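The structure appears right after this line, and notes come after that.
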Amino acid sequence: MPNINSNPPQATPNKQNAPAQPDFLFLLILWGSLIWFAGLSQTFHTKHLPYSEFLSLLESNRIKQVEVSTDKIAGSFLDAKDNQRRDFDTRRVPTDLAAQLSSKHVEFSQAPDYSGVLNWVIPLTLFFVVLRIAGSRMAESAGSPTNPFGFGKSRARIYKETDVKTTFADVAGVDEAKQELEEIIDFLKNPEKFKKLGGRLPKGVLLVGPPGTGKTLLAKAVAGEAKRPFLFITGSEFVELYVGVGAARVRDLFEQAGQNAPCIVFIDELDALGRSRGIGPMAGGHDEKEQTLNQLLAELDGFDPKQGIILLAATNRPEVLDPALLRAGRFDRQILVDRPDKRGRVQILKVHLRQINYDESVQPEEIAAMTTGFTGADIANLTNEAAWLAARRDAEKVTIKDFQDAIERIVAGLEKKNRIINSEERKTVAFHEMGHALVGLILNSTDPVEKVSIIPRGIGALGYTIQRPLEDRFLLSESELKTKLAILMAGRAAEFVKFHSISTGASDDLEKATELARHMVGQFGMSKKLGMVTYEAGNHSLLQTPDSMYSGPRRYSEETAREIDCEIRRLLSESFERASDLLLANKVALENGANLLIDKETLTHQELRTVLENQFREISSTQINESNGHQNDSDSQPERMAALN
């Protein structure tokens with residue numbers, strides 16, 4: 001059962017659109033058209049005879065072969081001019097009428113059937129439709145609606161000045177980035193102000209930040225504020241299977257920019273195009289991606305910023321970009337678009353709250369305090385989820401309860417009230433979650449317990465405890481990290497205190513605790529035995545997540561690796577014992593809290609304090625400090641086991 005914080009999952013990068021493939025209907029129309037034309041080609045060599053002439057040829061024995069149908073006769077006859085065999089067809093006339101007309105020597109034939117015109121119109125129409133569909137699909141795959149074979153044409157979407165409605169009023173929580181970009185807007189509006197001082201505009205501006213922080217939105221806002229054309233393209237749209245196509249598209253992009261100058265060119269997901277050269281399987285300079293990057297570098301050197309072309313790009317992986325792309329004279333300015341702080345989240349919430357009808361109970365400051373670590377995209381999703389929850393219960397307005405439920409749904413997963421859990425498992429889950437909550441209350445954690453529940457959520461969580469920080473934190477002390485470890489281990493400790501056994505429910509807690517202990521030992525230098533040395537791999541990105549900290553090569557010996565493992569094990573053992581001691585001293589509170597949780601299924605922070613505060617208030621600060629400083633010594637182990645029994 002996980003102990004959940006409010007950090008949301010990361011977004012995934014964009015993917016290149018695959019070219020359209022011919023479908024079955026397209027092939028069927030083409031096949032039918034070919035059959036129609038194959039049949040019609042036979043009519044070009046067939047002579048149509050009046051029925052009277054057919055009878056004359058029959059009387060003179062010049063008809064050699066016939067095929068008779070209900071209203072038509074077809075076959076071959078001998079031509080009197082060259083005595084060659086010719087194909088013919090004629091339409092039949094009723095026999096009695098034909099005899100009377102022949103006796104009077106009248107030339108006669110059946111009236112033509114104009115339905116045969118459809119034999120030409122239908123296939124010709126189908127043929128041109130097929131050509132049109134084929135041309136459109138080839139144009140889609142080539143990236144040009146007018147040139148079906150224009151593989152080298154840029155796929156950039158061009159938005160006119162009036163098409164871009166986004167402004168800085170729609171962007172919040174990134175004040176520093178907006179301030180940097182306002183200088184570029186000022187240059188586009190008043191270029192003479194900078195030219196008279198001899199200053200020049202940066203050739204390229206790189207927006208760097210985690211996914212969902214608003215990099216693309218910022219670029220659109222720049223175009224909207226400057227009232228200039230906006231050319232949008234992703235890095236993956238340059239790369240193609242055929243060699244040379246990517247470089248041609250780069251050249252065409254800058255040609256289009258020159259035709260629309262002054263304008264703004266935005267390349268999203270630059271890492272798909274600008275990855276460092278020489279590290280791939282084809283690191284000889286002939287790789288298509290490398291040729292495309294070389295062409296981009298050449299274009300950056302060649303174009304003149306005085307034309308008013310502003311090149312913006314965005315990436316969430318700056319560590320993989322080629323150094324030549326980031327040097328001065330190319331992407332001169334790099335702007336960090338980071339996760340918003342509490343003040344920024346309040347501003348973002350106010351922007352998104354304009355779009356919904358919400359109740360007076362909804363206070364942006366309160367929601368911002370509950371969404372530490374959320375990006376702008378996460379907050380937009382949160383607002384939408386809250387509106388959906390309110391609509392589900394047919395409410396007139398969105399309330400603060402809807403936002404709280406939406407946060408739990410995003411962080412913890414979908415609530416599964418219909419999942420049936422037997423009484424023993426339910427009791428185990430209740431004591432496990434109450435162990436987290438009780439130790440958090442006793443140690444007065446910097447991330448107070450917001451809610452504890454035994455309602456299953458998500459894929460495998462049978463219960464959850466939500467902790468939310470009171471404020472944004474950028475530094476944590478060693479004692480605070482050890483408190484986090486104790487709270488993580490408190491779930492298993494509560495199971496051990498109550499049932500004298502452990503279950504599989506603490507697997508997620510153990511994973512998080514092990515990762516935190518590994519960082520304390522290997523990254524933060526918080527081990528007296530190993531000293532103030534960092535053992536993490538080098539060349540880490542500023543935006544890298546903790547899960548990838550140890551993905552690089554090991555730069556220490558096997559003996560040191562063993563010592564690191566021993567220190568991690570020691571920290572986890574001490575944290576488990578610390579939590580066990582606190583729960584033993586408050587066994588009554590643990591029992592009462594778990595029983596109440598079984599009855600109510602969910603307890604809020606206020607309910608926890610009301611029920612449990614009086615029960616552990618009598619613990620002296622000395623006793624807590626002794627528990628906090630407890631060391632893993634073998635002498636205390638028998639005493640602890642005796643207390644448990």
Side-chain angles (χ1 to χ4, degrees), residues 2-5 7 9-10 208-211 271 275-276 278-279 315-323 326 336 338-339 372-373 443 445-447 467 469 472-493 506-579 628-634:
N3 183 281
I4 301 171
N5 56 29
N7 291 332
Q10 301 295 324
V208 179
D271 49 276
R275 190 180 296 269
S276 294
I279 60 175
T315 181
N316 50 34
R317 300 184 64 194
E319 73 278 3
V320 304
L321 295 180
D322 194 281
L326 302 177
L336 177 63
D338 206 352
R339 297 178 184 273
T372 302
L443 296 181
S445 171
T446 55
D447 299 344
Q467 292 179 262
D472 295 329
R473 298 291 303 275
F474 303 99
L475 292 175
L476 291 174
S477 65
E478 182 179 3
S479 62
E480 289 174 328
L481 292 177
K482 287 184 176 181
T483 297
K484 288 180 177 291
L485 283 178
I487 295 173
L488 286 170
M489 300 299 291
R492 170 157 288 190
S507 59
D508 185 69
D509 300 329
L510 289 175
E511 182 179 349
K512 292 178 180 178
T514 303
E515 190 68 21
L516 178 56
R518 186 175 297 278
H519 287 316
M520 292 176 64
V521 174
Q523 183 182 0
F524 305 140
M526 294 180 177
S527 170
K528 294 181 180 179
K529 185 176 182 180
L530 292 171
M532 291 178 284
V533 180
T534 179
Y535 296 98
E536 69 172 11
N539 299 325
H540 293 309
S541 166
L542 176 65
L543 307 176
Q544 204 164 13
T545 58
D547 295 337
S548 55
M549 282 294 183
Y550 288 86
S551 58
R554 179 191 296 177
R555 300 196 293 178
Y556 45 85
S557 65
E558 290 293 336
E559 183 181 353
T560 303
R562 183 181 181 281
E563 291 180 354
I564 291 175
D565 291 338
C566 291
E567 285 297 287
I568 293 172
R569 192 180 302 116
R570 179 186 63 81
L571 282 174
L572 296 179
S573 297
E574 288 182 0
S575 301
F576 178 80
E577 291 167 6
R578 179 184 181 187
N628 292 352
H630 180 77
Q631 299 296 322
N632 182 18
D633 56 329
S634 57

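Because the structure is a prediction, the values reported are computed rather than measured. In what follows, residues are counted from 1 in the order of the sequence shown.
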>> Closer than 3.5 angstrom, by distance alone: can the side chain of Arg339 be matched with the main-chain N or O of Gly373 as a donor-acceptor pair?
In response: yes
> Given the rule in the side-chain contact (heavy atoms from CB on, under 4.5 Å) test, do Leu571 and Met526 qualify, once you have shown the distances and angles that lead to the verdict?
Replying inline: CA-CA 10 Å; Leu571 282 174; Met526 294 180 177; over 6 Å; no
> From Thr514 OG1 over to Leu572 CG, what is the distance, rounded to the nearest 0.5 angstrom?
Replying inline: 5.0 Å
> For Val208, does its backbone N or O pair with a side-chain atom of Thr315 as donor and acceptor, under 3.5 Å?
Replying inline: no
> Can you tell me how far the CD atom of Gln523 sits from the CG atom of Leu516, to the nearest 0.5 Å?
Replying inline: 10.5 Å
> Sub-3.5 Å donor-acceptor pair from the side chain of Thr534 to the main-chain atoms of Gly522, do we have one?
Replying inline: yes
> Do Tyr535 and Leu530 come close enough that some side-chain heavy atom pair is under 4.5 Å?
Replying inline: yes
>> If you define the side chain from C-beta out and look only at heavy atoms, does anything of Arg578 sit under 4.5 Å from Thr483?
In response: yes
> Are side-chain heavy atoms of Val320 and Ser276 found at a separation under 4.5 Å?
Replying inline: no
> Atom CG of Asp509 and atom OG of Ser507: how far apart are they, to the nearest 0.5 Å?
Replying inline: 7.5 Å
>> Could you report the tightest heavy-atom contact between Leu326 and Pro318, atom names first, then the distance?
In response: CD1-O, 4.5 Å
> Leu510 and Arg492: side-chain contact (heavy atoms from CB on, under 4.5 Å), yes or no, with the steps?
Replying inline: CA-CA 9 Å; Leu510 289 175; Arg492 170 157 288 190; 3.5 Å; yes
> Does Glu563 reach the side chain of Val521, with side-chain heavy atoms less than 4.5 Å apart?
Replying inline: no
> So do the side chains of Leu481 and His519 get within less than 4.5 Å of each other, counting heavy atoms only?
Replying inline: no
> CD1/Ile564 to OG/Ser527 distance, rounded to the nearest 0.5 angstrom?
Replying inline: 9.0 Å
> Are the charged groups of Glu567 and Arg570 less than 4.0 angstrom apart, N to O?
Replying inline: yes
> Tell me, do Arg275 and Arg317 make a side-chain contact under 4.5 Å, heavy atoms counted?
Replying inline: yes
> With a 4.0 Å cut-off, would you call Arg569 and Asp565 a salt bridge?
Replying inline: no
> Is it true that Glu558 and Arg562 make a salt bridge, defined as a side-chain N closer than 4.0 Å to a carboxylate O?
Replying inline: no
